[in-house]
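In what follows, chains carry the letters A, B, and so on, assigned in the order in which the sequence lines appear, proteins first and then strands, with residues in each chain numbered from 1. As the structure is a prediction and not an experimental result, all values here were calculated from the model.
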Number of protein chains: 2
Amino acid sequence: MENFLQTIGALNDETRLKILRFIDKNGAVCVCDIESAFGMIQSRISRHLKILKDAGFLTVERQGRWAYYAIRSPLDRFRQDILKEISYLEMDLPEFKGCCKP
Amino acid sequence: MENFLQTIGALNDETRLKILRFIDKNGAVCVCDIESAFGMIQSRISRHLKILKDAGFLTVERQGRWAYYAIRSPLDRFRQDILKEISYLEMDLPEFKGCCKP
DNA sequence: ACAATACATCAAGATACCTTGATATATATA
DNA sequence: TATATATATCAAGGTATCTTGATGTATTGT
């Protein structure tokens with residue numbers, strides 16, 4: 001119940017839905033990728049990523065000074081269904097253009 | 001997108017999840033059934049029912065002075081998946097005992 | 001070692017949501 | 001017709017959530 005509400009709560013925000021779809025579409029990205037694509041300040045992006053991670057949608061992997069966020073794998077069926085449903089939504093996503101030099 | 005957020009928002013509340021599961025389990029019930037089962041004041045129940053209805057989970061049918069709320073039928077697959085997921089949750093639901101004499 | 005970069009976290013203000021109590025409406029009963 | 005019942009809606013207060021700007025931490029480059 002608590003876990004379910006956390007999952008739902010993570011989805012209850014337009015910015016997070018877009019970030020989730022953005023990562024689902026573009027694969028592993030770092031925080032500054034999202035920051036520059038969405039034109040939002042870093043603390044805001046970082047907070048939303050944490051919420052999506054804590055809700056079981058994302059994983060983080062640190063590489064040097066970058067933190068790469070990706071869709072958690074494997075993903076349970078319910079969250080897969082949700083991602084699919086989100087992929088059907090009409091939303092204008094910003095374009096992805098890598099900003100980091102690994 | 002807007003519609004999706006409304007659907008998710010309706011689920012983002014413990015009381016509503018319980019009400020939804022209660023109706024899913026017990027079939028069509030009137031407001032006072034839920035009111036007495038849950039021990040919550042009428043305006044509170046009424047508000048939550050409206051939110052669930054507006055989000056596409058419930059239908060209302062008036063009969064005399066009672067309003068019977070039931071799971072919308074047919075229900076799209078995504079909302080069906082959600083109901084199934086909610087049915088798996090551990091929650092202590094109050095017992096149903098009809099309070100209205102139709 | 002020092003400076004810069006990438007990210008996380010915190011406090012404060014703004015906004016949205018939930019609960020309650022009061023009031024409104026509509027139907028049934030006496 | 002008057003009263004009681006079932007439900008809906010509104011305003012006000014409390015609580016949670018979002019955004020921003022500031023600060024902290026770790027890693028890279030000079």
Side-chain angles (χ1 to χ4, degrees), chain A residues 1-2 4-20 22-23 28-55 57-70 96-102, chain B residues 1-2 4-20 22-23 28-55 57-70 96-102:
Chain A
M1 173 66 134
E2 209 166 285
F4 182 83
L5 272 171
Q6 188 180 19
T7 302
I8 292 297
L11 299 169
N12 194 32
D13 181 279
E14 183 168 348
T15 299
R16 282 197 291 273
L17 290 182
K18 288 187 177 178
I19 290 177
L20 195 50
F22 184 82
I23 297 177
V29 295
C30 60
V31 179
C32 62
D33 281 334
I34 305 178
E35 196 182 333
S36 67
F38 282 76
M40 295 176 180
I41 66 176
Q42 183 265 324
S43 66
R44 184 177 174 184
I45 301 294
S46 200
R47 177 180 187 269
H48 286 312
L49 287 171
K50 176 177 171 52
I51 291 173
L52 287 169
K53 176 173 73 70
D54 291 346
F57 286 100
L58 301 180
T59 56
V60 210
E61 195 183 337
R62 306 202 137 277
Q63 279 182 33
R65 46 183 149 176
W66 289 279
Y68 286 91
Y69 283 85
F96 170 67
K97 42 202 172 197
C99 75
C100 315
K101 312 114 191 169
Chain B
M1 172 66 134
E2 211 166 284
F4 182 83
L5 272 170
Q6 188 179 18
T7 302
I8 292 297
L11 299 170
N12 195 31
D13 181 277
E14 182 168 349
T15 299
R16 282 199 291 273
L17 291 181
K18 288 187 177 179
I19 291 178
L20 195 51
F22 184 82
I23 297 177
V29 295
C30 62
V31 180
C32 60
D33 282 333
I34 305 179
E35 196 183 333
S36 68
F38 282 77
M40 294 177 181
I41 67 176
Q42 183 266 324
S43 66
R44 184 176 173 182
I45 301 292
S46 199
R47 177 180 186 269
H48 286 312
L49 287 170
K50 177 177 171 51
I51 291 173
L52 288 169
K53 176 174 71 70
D54 291 347
F57 287 102
L58 301 179
T59 56
V60 210
E61 195 183 337
R62 305 202 138 277
Q63 278 182 35
R65 45 182 149 176
W66 289 280
Y68 287 90
Y69 284 84
F96 169 68
K97 43 203 173 199
C99 75
C100 314
K101 312 114 192 172

* **Any strand: nucleotide that pairs with D:dA6 via Watson-Crick or wobble, under 3.5 Å** => C:dT25

* Does A:Asn12 or A:Gly64 map to a spot on DNA chain D nearer the 5' end, using the closest nucleotide for each? -> A:Asn12

* Below 4.5 Å, heavy atoms only, C-beta onward: do B:Glu35 and B:Ile41 meet side chain to side chain? -> no

* **Nearest-nucleotide 5' precedence on DNA chain D, A:Arg16 against B:Val60** => B:Val60

* Donor/acceptor link under 3.5 angstrom from B:Gln42 side chain onto base of D:dA6 -> no

* Indicate the atoms forming the closest heavy-atom contact of A:Ala10 with A:Leu52, along with that distance. => O-CD2, 4.0 Å

* Taking B:Asp33 for the side chain and B:Cys30 for the main chain, is one N or O donor matched with an acceptor at less than 3.5 Å? -> yes

* Asked: Run the side chain to side chain contact (heavy atoms under 4.5 Å, CB included) check on A:Val29 and A:Tyr68 step by step: do they pass?
  -> CA-CA 5 Å; A:Val29 295; A:Tyr68 286 91; 5.7 Å; no

* Rounded interatomic separation in angstrom, taking CD1 from A:Ile51 and C1' from D:dT17 -> 8 Å

* **Interatomic distance where CZ belongs to B:Arg62 and C1' belongs to D:dT5 [whole Å]** => 13 Å

* **Gap between atoms NZ and C1', on B:Lys50 and D:dT9 respectively (whole Å)** => 9 Å

* Once you round it to whole Å, what is the distance between P of D:dC18 and NE2 of A:His48? -> 7 Å

* Please determine if a side-chain N or O atom of A:Tyr69 lies less than 4.0 Å away from the OP1 or OP2 oxygen of C:dA8. => yes

* Using a cut-off of strictly less than 4.0 Å, decide whether A:Arg65 has a side-chain nitrogen or oxygen near OP1 or OP2 of C:dT5. => no

* Asked: To the nearest angstrom, how far is B:Leu5 atom CG from D:dC18 atom C1'?
  -> 14 Å

* Worked check of side chain to side chain contact (heavy atoms under 4.5 Å, CB included) between B:Ile51 and B:Arg47 -> CA-CA 6 Å; B:Ile51 291 173; B:Arg47 177 180 186 269; 3.7 Å; yes

* Structure fact -> Picking from D:dA22, C:dG21, D:dT19, the nucleotide nearest the side-chain atoms of B:Ser43 would be C:dG21

* To do: Figure out the CD/P separation between A:Glu35 and D:dT19, and round it to whole Å.
  => 14 Å

* Protein-nucleotide distance (B:Gln63, atom CD; C:dA28, atom P), rounded to Å -> 11 Å

* To do: Provide, to the nearest angstrom, the distance between the CZ atom belonging to A:Arg44 and the P atom belonging to C:dA14.
  => 17 Å

* To do: Considering just the side-chain nitrogens and oxygens of B:Arg47, establish if one lies under 4.0 Å of OP1 or OP2 belonging to C:dC18.
  => yes

